[in-house]
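Have a look at the structure that comes next, please.
Reminder, nothing fancy here: chain letters follow the sequence lines and each chain counts from 1.
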2 protein chains.
Amino acid sequence: MATSPNGRRKPPTIHDVAREAGVSRGTVSRFLNGGHYVSPAARTAVETAIRKTGYVVNRHARSLSTGRSDSVAFLLTEPQEKFFEDPNFNVLLRGCTEHLARHDIPLLLMLASSKDERRRLTRYITSGHVDGVLLVSNHSGDPVAAELRDAGIPLVACGKPLGTASKYSYVAAADRDGAQEMVRHLIAGGRRRIGMVTGPLDAPGGPDRLAGYRDVLTEAGLPHDPTLVVEGDYRRTGGEEAARRLLAQAPDIDAVFVASDLMALGVVNTLQQSGRSVPDDIAVGGFDDSAAATSITPALTTMRQPYDRISAEMVRMLLAQIAGEDTAGVILPTELVVRESA
Amino acid sequence: MATSPNGRRKPPTIHDVAREAGVSRGTVSRFLNGGHYVSPAARTAVETAIRKTGYVVNRHARSLSTGRSDSVAFLLTEPQEKFFEDPNFNVLLRGCTEHLARHDIPLLLMLASSKDERRRLTRYITSGHVDGVLLVSNHSGDPVAAELRDAGIPLVACGKPLGTASKYSYVAAADRDGAQEMVRHLIAGGRRRIGMVTGPLDAPGGPDRLAGYRDVLTEAGLPHDPTLVVEGDYRRTGGEEAARRLLAQAPDIDAVFVASDLMALGVVNTLQQSGRSVPDDIAVGGFDDSAAATSITPALTTMRQPYDRISAEMVRMLLAQIAGEDTAGVILPTELVVRESA
DNA sequence: CTGAAAGCGCTTACAG
DNA sequence: CTGAAAGCGCTTACAG
């Protein structure tokens, strides 16, 4: 077996396999690409030859020839610390990596924080080094999404895009339904003065969860008191701050629905420091069912987002889109997980 | 400009640039690869042509030709939840991505949890789809590391490898020195009965931090009491459990040095639940200075690991190794960060 | 310093 | 069903 200068064995090529199997390189290639138009005899010969030579396709050659890269990007725009701090992000990244791995497709992690980085990556992506992108972004007016779409790059976003007629694929949780279910649960527990800490209202999910909260207030004949609603930022510290404001504006609350578990951690902490007992004085309901939910006492009652399904769907849709299918939106149901906090 | 069926513009090739600049493709290529042997006149002509055409090199073609992929893998073996739960991991991943981006090198994130996955990825990597790997692993006997090394793949590990004469590059914090500094700090604060929660002793850093703790006990003339030492697993819950055991074995401790911030969170929690005040009854010192350190009350006194430098060094060393340099180990100093817990 | 040409390892009409 | 051949876009000795 050939050996290159650096000591690594030179890997076998399709030519080696063809020789070994006694067929042409074209036949080997056809076998590799679905096995159409190859006779049973040729097929077994090639199979044996591949096993014997330990052949693995050279992706660079294939990509050069096909124009496809067989890899996709996981693109993060805007404040990174935020994503990295959030367990949901980790779960999503892991899920996507795993689901792609099943298709033997590597995931390129790309972080676009600065404007410069964003330009560099956009160019990188649009110049074809990736077949599509899984987009995790927070802002509705994300310029990257628009640019990629305009360049015709297959793309699926996590979370329903807000902006104006943004026509790309997405997969999201049933935010409004989920919020409704949680608030109903709080009411069923006897709560009547229910506050809410929302996510940023310019980001996916934010407005929908707020709408769900309002739906149920109306449904239950409860008044809509604006002092009960405070906007947060999906961060823990944001939750603390929001709780302080809430307590100042509406000290008589007996429950609060928080639009993310991470913020809920902050809320619980602030409530406890203010001398309230959770859930005795104030019930707290979260959203996500992330690892954070069980990291505190009392354990958080929350709405589970089906992250594994979300990442699976994102991958499925992206691959479909790369294969030529049109865009679509997928909404996945959430599930109430009752623990101790509400 | 040519347009392919899917509507994307067909990107310009080196051929277009050559024509535009009035030189040969070889000259353009030479310009692209360092500009050696190209006259000033040719250089400017090519520069202009590149700008005008918007040319971007096709990496697949380049890779096929050079045999290099110009991308590296960030490889995670073994229990993933653990890494994803740990803020340190996030910081490392982010740092490596950023430092690589400066060299225009994309990072492929690879997760090898199952044995199957491990085999698949090893094959993937050894067949040349990546020029080198940044390895983040926990176990000393990690088979992947050995396999990659045997295959001659450039590799740098995070943390000093323990195993038998494992000869690959690594970058690590000065664990032993750091541990010493922390324990000296505890002693300086008047503590005499100092417990320790170690990391897994079969993983990088584990034994060294324990050794540092022991060094200072000896140095201070304090007795070595085995009941003062408990092994943890770098997880929060592991910290809680360790603290319980410690409290049972040595209820009279007045300080504990915990080998990671995440575990320290658990330790503080358990101590508080047992009715001890931190730091009044028991001082707690962590290790890492991760985001976790400031997420609790009291804020954690800890040893800062220079994660940004660590990731920078990992990238630098990997690139050097890919360029042909021999392996090496780099040790970076830690720094005491005094907050409230000790 | 520069051009012509071979070669990297695959895929894919094309002709049979 | 199969082989021969062109082509994907680059790099790199080679000869000048």
Side-chain angles (χ1 to χ4, degrees), chain A residues 2 4-6 8-47 49-50 53-71 104 127-129 131, chain B residues 2 4-6 8-47 49-50 53-71 104 127-129 131:
Chain A
S4 64
N6 60 40
R8 279 193 231 171
R9 273 193 234 93
K10 195 162 172 216
T13 73
I14 205 174
H15 187 250
D16 300 318
V17 176
R19 186 162 16 115
E20 182 71 35
V23 300
S24 75
R25 291 178 296 150
T27 298
V28 176
S29 181
R30 263 173 240 121
F31 168 84
L32 257 22
N33 292 283
H36 302 307
Y37 300 104
V38 9
S39 64
R43 153 186 295 278
T44 42
V46 172
E47 276 171 344
I50 286 180
T53 55
Y55 172 77
V56 180
V57 70
N58 178 320
R59 289 190 148 199
H60 303 308
R62 173 178 283 176
S63 293
L64 178 57
S65 180
T66 60
R68 281 175 291 111
S69 76
D70 292 316
S71 67
D104 210 37
S127 75
H129 298 320
D131 295 334
Chain B
S4 64
N6 61 39
R8 279 194 232 170
R9 274 194 235 94
K10 195 163 173 216
T13 73
I14 207 174
H15 187 249
D16 299 319
V17 176
R19 186 161 17 114
E20 182 70 36
V23 299
S24 75
R25 292 178 295 150
T27 299
V28 176
S29 181
R30 262 173 242 122
F31 169 83
L32 257 21
N33 292 282
H36 302 306
Y37 302 105
V38 9
S39 64
R43 155 186 293 279
T44 44
V46 172
E47 275 171 345
I50 287 180
T53 55
Y55 173 77
V56 180
V57 70
N58 178 320
R59 293 192 114 134
H60 303 307
R62 172 178 285 176
S63 293
L64 178 57
S65 180
T66 60
R68 280 175 291 110
S69 75
D70 293 316
S71 67
D104 211 39
S127 75
H129 296 321
D131 295 333

B:S29 side chain vs B:R25 backbone, donor-acceptor pair below 3.5 Å
no
Exercise for review: To the nearest Å, give me how far apart CG (A:L64) and C1' (C:dC8) are.
Suggested key: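 Those two atoms, CG and C1', are 9 Å apart.
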Practice task
Between C:dT2, D:dA5, D:dC10, spot the one nearest the side chain of B:V38, thanks.
Solution key: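 Selected nucleotide (nearest to the side chain): C:dT2.
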| query | How close or far is atom C1' of C:dC1 from atom CG of B:N33, stated in whole angstroms? | reply |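 Taking CG of B:N33 and C1' of C:dC1, I get 16 Å after rounding.
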Q.
Any non-hydrogen side-chain atom of A:N33 less than 4.5 Å from a side-chain atom of A:R62?
A. yes
*For D:dG3, does either OP1 or OP2 sit under 4.0 Å from a side-chain N or O belonging to A:S24?*
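Answer is yes, contact under 4.0 Å.
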Item to complete: Apply the side-chain contact (heavy atoms from CB on, under 4.5 Å) test between B:V23 and each candidate in B:V17, B:V38, B:V28; give the one that qualifies.
Response: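 Result: among B:V17, B:V38, B:V28, B:V28 is the only option passing the side-chain contact (heavy atoms from CB on, under 4.5 Å) with B:V23.
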message = Applying a 4.0 Å non-hydrogen cut-off, can you work out what B:T13 is touching in the nucleic acid: base, sugar-phosphate, or nothing?
response = sugar-phosphate
Handout entry: Close side-chain approach of B:V46 to B:R30, heavy-atom, < 4.5 Å
Key = no
Without decimals, in angstroms, what is the distance between A:I50 CD1 and C:dC10 C1'?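 Checked: the CD1 to C1' distance equals 13 Å.
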Any strand: nucleotide that pairs with C:dA4 via Watson-Crick or wobble, under 3.5 Å
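WC or wobble partner does not exist here.
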> Are B:I50 and B:L32 close enough that some pair of their side-chain heavy atoms sits under 4.5 Å apart?
Replying inline: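 In short, these two side chains touch, coming nearer than 4.5 Å.
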Check your understanding: What is the nucleic acid contact for B:Y55, judged by heavy atoms within less than 4.0 Å: base, sugar-phosphate only, or nothing?
Key ->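 Touches sugar-phosphate only.
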Whichever of A:H36 and A:R25 has the more 5' nearest nucleotide on DNA chain D, that residue is A:H36
* Determine: side-chain N/O of B:S39 to OP1/OP2 of C:dC1, distance under 4.0 Å, yes or no. =>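 Checking C:dC1 against B:S39, no side-chain N or O comes under 4.0 Å of OP1 or OP2.
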Taken to the nearest whole Å, OH/B:Y37 to P/D:dA13 is 11 Å
Rounded to whole Å, the NE2-P distance (B:H60 to D:dG9) equals 11 Å
message: In whole Å, I'd like the distance from the CZ atom of A:F31 to the C1' atom of C:dC10.
response: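 Distance, rounded to whole Å: 16 Å.
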Next on the checklist: Students often get this wrong, so: under 4.0 angstrom with heavy atoms, is A:R59 touching a base, only sugar-phosphate, or nothing?
Outcome noted: nothing
Q. Hey, is the side chain of B:T27 poking within less than 4.0 Å of OP1 or OP2 on C:dG3, counting only N and O atoms?
A.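 Yes, B:T27 has a side-chain N/O under 4.0 Å of OP1/OP2 on C:dG3.
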Quiz item: Rounded to the nearest Å, what distance is computed from the CZ atom of residue A:R43 to the C1' atom of nucleotide D:dC1?
Solution: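 My rounded result for the distance is 13 Å.
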message: Students often get this wrong, so: under 4.0 angstrom with heavy atoms, is A:R30 touching a base, only sugar-phosphate, or nothing?
response: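 The answer is base, as A:R30 lies within the cut-off (heavy atoms under 4.0 Å) of a base atom.
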Separation of C:dC10 atom P from A:R62 atom CZ, nearest Å, is 9 Å
So which nucleotide does C:dA13 pair with, by the Watson-Crick or G-U wobble rule with both distances under 3.5 Å?
->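 Paired with no nucleotide.
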